[in-house]
Every structure is written in C-alpha cells, then in structure tokens.
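Whatever order the structure lists them in is the order used to number ligands and atoms, beginning at 1. The figures that follow rest on heavy atoms only: side chains count, while hydrogens, waters and symmetry mates do not. Just so it is clear, the structure is predicted and the values come from calculations on it, not from any experiment. We count residues from 1, following the sequence as given.
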Amino acid sequence: MPETVVVGNWKMNTNLGQALELAAGIGNQLKNMTGVQVVLCPPFPFLSSVGGALRGSAVRLGAQNMHWEDSGAFTGEVAAQMLQGLCEYVILGHSERRQLFGETDELINRKIRAALSHGLRPILCVGETLDERESGKAKTVVAEQVRRGLADIVDITSLAVAYEPVWAIGSGLAATPEIAAEVMSEGILEVLRELYADAGSEVPLLYGGSVNPSNIGEFAAQTSIHGALVGGASLQVSQFVQIVNLALAAKSPPAS
Ligand code: 13P
C-alpha cells in the first residue's frame, strides 16, 4: 500500500510574512504527524524561509517547478541541483505549466529525470481538459501523459502521480470520487503496473482539483486514491490541517 501524501501547492500566492505565518501554523499543528507525508510547496523565493519555519516539524518542503538542465544560460529558471538540500519534493507538469507555459510531455520527462538524478521526489501531474473529458478521452489522455512523462525512467520508487482534471482546478467543481478513482485506477495505475510491475502499485496517487475539508474524506476513501494535491484550501491553516487529518482518518480507519 503506497504511503498517504497530502501536498499544499501555494501557486503564486502569499508574501513572505504570509508564507511564514502559514508554514508556522501548519508546521505546529502537524508537528508530530505520522502516517501521512505532508508537503508544502511555496513559491521559490520563500523555500528557504519556509524550510526554516518548518524545522523540527514532520512537514516536508517541495518546489512547484524546476528546469531540466543543471546550469546555464536559462534566465529566470531554477535547476534541480539548486533545490537539492533545500526541499525534498518537486511538482512537475502541473496543468498550469502545460497550458500557460507550453510544457510538453517531453519537457516534463526531462524534468522528472533531472529531479530523480538529484534525489528530489517528483510529483508528476496529469489530467484531461473539459473537451477531452466530454469527448470520452479522459483515460487515454491521462494514460498517455503518464507513459510519455515516464519514458525511459527505470526507477520510480520516489515518484508520486497527481491526477488533476483541468476542469476541476480552482473551479469549486471537484470530480466525483468515483470518476477520479476510475481514471486513477484505469488511466494511471494500470499503466504504472504495465511499465513497472509491482513497483507501479507502490506509487502514491493523489487527487487534485477543488479539494476541501468537505470532500477529502470521500476521495481518500477510494482504494486507488492515496492523498491529495491541494491548491486554494492549502492557503488556510485550518482548512489544510483538516484536510490532512481527514485524509489520514479515511486511509487508516480505527480498528473496530
Ligand atoms: P485547487 O485546489 O485550488 O482547485 O487547485 C488544485 C491544484 O491545481 C493543485 O495543484
């Protein structure tokens, strides 16, 4: 059974003061959390300060993106080796990167390889658009994103995959847990098993898209969903802490 993972993607939000307050609030409340990996992904300039605020807490740190090259003339970009030692995780292939910044599966694949070679844990994001869903292509689109994103990658032990249907992101319109679970088991898990046999079953699969304290329990109750990638609700301490606690409760119900 893959580990339970809950990731907060702050996107391009917060100033330094807000980032520190948010990290301290979440870090304190989840200080001794066990049974779930909690990861905060602040904007690049705040990684170091947020890392400081999380010191002594079980909460981990992640970046929201990175470049695939190690160094060079890539103005404005951040390399894996710069993140190494600073954070543990990196979100790659987020739909906002794909849609707004033209990232292709091939670029994302290069980024994943660079992340792995520097000991970072990639969170590969996949998901279909509304058009693709309406034309019945959701599973094939997602399966293809997984296949291409992982092309020529042999070791996936530190990988997580997040299924974020584009139409559910920031819309308040989450997928139903059944729809998400179906795409995740037939579009993602099946491909991972086909490519990596048993190791494929150990990859944590996260759902993302309008996750909140009211719906996380139903998502996390699905066998093929092992956690969440949370946007808006990760910007509020109480909402995010509730999401983490509810995800954990759904994944490890008390013995009766
Ligand atoms: P929301 O939770 O705001 O819909 O964002 C989801 C997301 O894109 C997380 O990466």
Undergrad: Quick check on side-chain hydrogen bond (donor to acceptor under 3.5 Å, both in side chains): which of Q64, Q37, R60 does Y89 satisfy it with?
TA: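 Exactly one candidate clears the test, Q37.
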
Undergrad: Judging by distance only, is a nitrogen or oxygen of K11 under 3.5 angstrom from one on ligand 1?
TA: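 In this structure, K11 places an N or O atom under 3.5 Å from an N or O of ligand 1.
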
Undergrad: Answer yes or no: does an N/O atom from G170 fall short of 3.5 Å to an N/O atom of ligand 1?
TA: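 Between G170 and ligand 1, an N or O pair is found under 3.5 Å apart.
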
Undergrad: Please identify which atoms of ligand 1 are closer than 4.0 Å to at least one heavy atom of N9.
TA: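 Near N9, the atoms of ligand 1 are 9 (C), 10 (O).
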
Undergrad: Can you tell me which residue and heavy atom of the protein come closest to atom 2 (O) of ligand 1, and the distance to 0.1 Å?
TA: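 Atom 2 (O) of ligand 1 sits closest to the protein heavy atom G231 N, 2.9 Å.
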
Undergrad: With rounding to the nearest 0.5 Å, note down the distance linking CD in E134 to CG in L130.
TA: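 Spacing of CD (E134) from CG (L130) equals 4.0 Å.
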
Undergrad: Nearest 0.5 Å, what's the CE-CD distance between M184 and E190?
TA: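 Atom-to-atom, M184:CE and E190:CD are 13.5 Å apart.
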
Undergrad: Taking non-hydrogen atoms only, is I169 closer than 4.0 angstrom to ligand 1 via side chain, backbone, both or neither?
TA: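 It is both parts that get close, each with some atom under 4.0 Å.
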
Undergrad: Among L20, N15, L22, whose side chain to side chain contact (heavy atoms under 4.5 Å, CB included) with Q18 holds?
TA: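 Answer after filtering L20, N15, L22: N15.
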
Undergrad: How far apart are the C-alpha atoms of T129 and D131, what are their side-chain angles, what is the distance that settles it, and do they pass the side-chain hydrogen bond (donor to acceptor under 3.5 Å, both in side chains) test?
TA: CA-CA 5 Å; T129 61; D131 271 1; 5.5 Å; no

Undergrad: Got the closest protein heavy atom to atom 3 (O) of ligand 1, with its distance?
TA: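 The closest one turns out to be G232 N, 2.8 Å.
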
Undergrad: Between R98 and E103, does any NZ, NE, NH1 or NH2 come within less than 4.0 Å of an OD or OE carboxylate oxygen?
TA: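 The answer is no: the pair does not qualify as a salt bridge.
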
Undergrad: Hydrophobic cluster membership, with links at side-chain heavy-atom distances under 4.5 Å among I/L/V/M/F/W/Y: are L248 and V39 in one?
TA: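 Each belongs to a different hydrophobic cluster.
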
Undergrad: Enumerate the atoms of ligand 1 whose separation from the nearest heavy atom of G209 is less than 4.0 angstrom.
TA: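 In order of numbering, the contacting atoms are 4 (O), 6 (C).
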
Undergrad: Is there a nitrogen or oxygen of S171 sitting under 3.5 Å from a nitrogen or oxygen of ligand 1?
TA: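 There is no such contact.
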
Undergrad: At a 4.0 Å cut-off, with the gap strictly under it, does some heavy atom of S210 reach an atom of ligand 1?
TA: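 Per 4.0 Å heavy-atom rule, S210 contacts ligand 1.
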
Undergrad: When you measure from atom 9 (C) of ligand 1 to every protein heavy atom, which one gives the shortest distance, and what is it?
TA: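 The closest heavy atom on the protein side is E164 OE2, 2.8 Å.
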
